[in-house]
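Some notes on the structure that comes next.
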Amino acid sequence: QVQLVESGGGLVQAGGSLRLSCAASGRTFSGMGWFRQAPGKEREGVSCISKNESNMKYVDSVKGRFTISRDNAKNTVYLQMNNLKPEDTAVYYCARLDTQMMGCWLEDGGYDNWGQGTQVTVSS
């Protein structure tokens with residue numbers, strides 16, 4: 001139904017920055033979120049942005065360092081990651097909420113469309 005294509009991952013030293021992009025097919029607007037999963041750990045919600053951009057959330061560990069944004073004209077959501085730490089190393093996934101959902105949340109329930117993931121590796 002919906003295709004999400006992620007890009008922007010890579011290898012960066014601690015303190016560096018990366019910007020992840022997630023391009024969604026179609027022209028419908030919806031809430032979107034970023035999740036990550038490190039080896040041996042459960043997937044966790046990192047950030048999300050609501051359909052109308054009235055609500056944005058961040059997991060405590062990235063507050064002040066990560067910024068989520070969206071460009072509706074390009075149907076793309078971004079995650080600007082600054083001051084990266086080794087603990088940020090993970091596969092990052094973009095996910096999309098149903099268009100009827102007005103808010104967003106960091107739990108993965110309700111996110112029915114997922115991207116393929118992009119690897120982020122932060123070296124010390």
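Just so it is clear, the values below take in all heavy atoms, side chains as well, and ignore hydrogens, waters and symmetry mates. Because the structure is predicted, anything quoted here is derived from the model rather than measured.
- Residues that satisfy the side-chain contact (heavy atoms from CB on, under 4.5 Å) test with Ala23, not counting sequence neighbours, are Thr76.
- Thr67 has its side chain within reach of Tyr58: a pair of non-hydrogen atoms, C-beta onward, lies under 4.5 Å apart.
- Partners of Asp112 according to the side-chain hydrogen bond (donor to acceptor under 3.5 Å, both in side chains) rule, which considers only residues two or more places apart in sequence or in another chain, do not exist here.
- Taking Asp71 as the reference, nothing meets the salt bridge (charged side-chain N to carboxylate O under 4.0 Å, His left out) condition, with sequence neighbours excluded.
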Donor-acceptor pairs under 3.5 angstrom involving side-chain atoms of residues 77-84: please list them, not counting sequence neighbours.
from, atom 1, to, atom 2, distance (Å)
Gln80, OE1, Arg19, NE, 2.8
Gln80, OE1, Arg19, NH2, 3.4
Gln80, NE2, Asn82, OD1, 2.9
Asn82, OD1, Ser17, OG, 2.9

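- Alongside Leu97, the hydrophobic cluster contains Phe35, Val91, Tyr93, Met101, Trp105, Tyr111, Trp114 (criterion: ILVMFWY side chains under 4.5 Å).
- Judged as a side-chain hydrogen bond (donor to acceptor under 3.5 Å, both in side chains), and not counting sequence neighbours, the contacts of Lys63 are Asp60.
- Taking Thr89 as the reference, Gln119, Thr121, Val122 meet the side-chain contact (heavy atoms from CB on, under 4.5 Å) condition, with sequence neighbours excluded.
- Note on residues 51-93: no pairs pass disulfide bond (SG atoms under 2.5 Å apart), not counting sequence neighbours.
- Side-chain contact check for Val120 versus Arg36: every heavy-atom pair is 4.5 Å or farther apart.
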For residues 45-56, which side-chain N or O atoms pair as donor and acceptor with protein atoms under 3.5 Å away, sequence neighbours left out?
from, atom 1, to, atom 2, distance (Å)
Ser47, OG, Lys57, O, 2.9
Ser50, OG, Glu53, N, 3.3
Ser50, OG, Ser54, N, 3.1
Ser50, OG, Asn55, N, 3.0
Ser50, OG, Asn55, O, 3.4
Lys51, NZ, Thr99, O, 3.1

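- For Glu107, the salt bridge (charged side-chain N to carboxylate O under 4.0 Å, His left out) criterion is met by no residue, not counting sequence neighbours.
- Residues satisfying the side-chain hydrogen bond (donor to acceptor under 3.5 Å, both in side chains) test with Ser30, not counting sequence neighbours, are Arg96.
- Partners of Asp98 according to the side-chain hydrogen bond (donor to acceptor under 3.5 Å, both in side chains) rule, which considers only residues two or more places apart in sequence or in another chain, do not exist here.
- No donor-acceptor pair closer than 3.5 Å links the side chain of Glu6 to the backbone N or O of Cys22.
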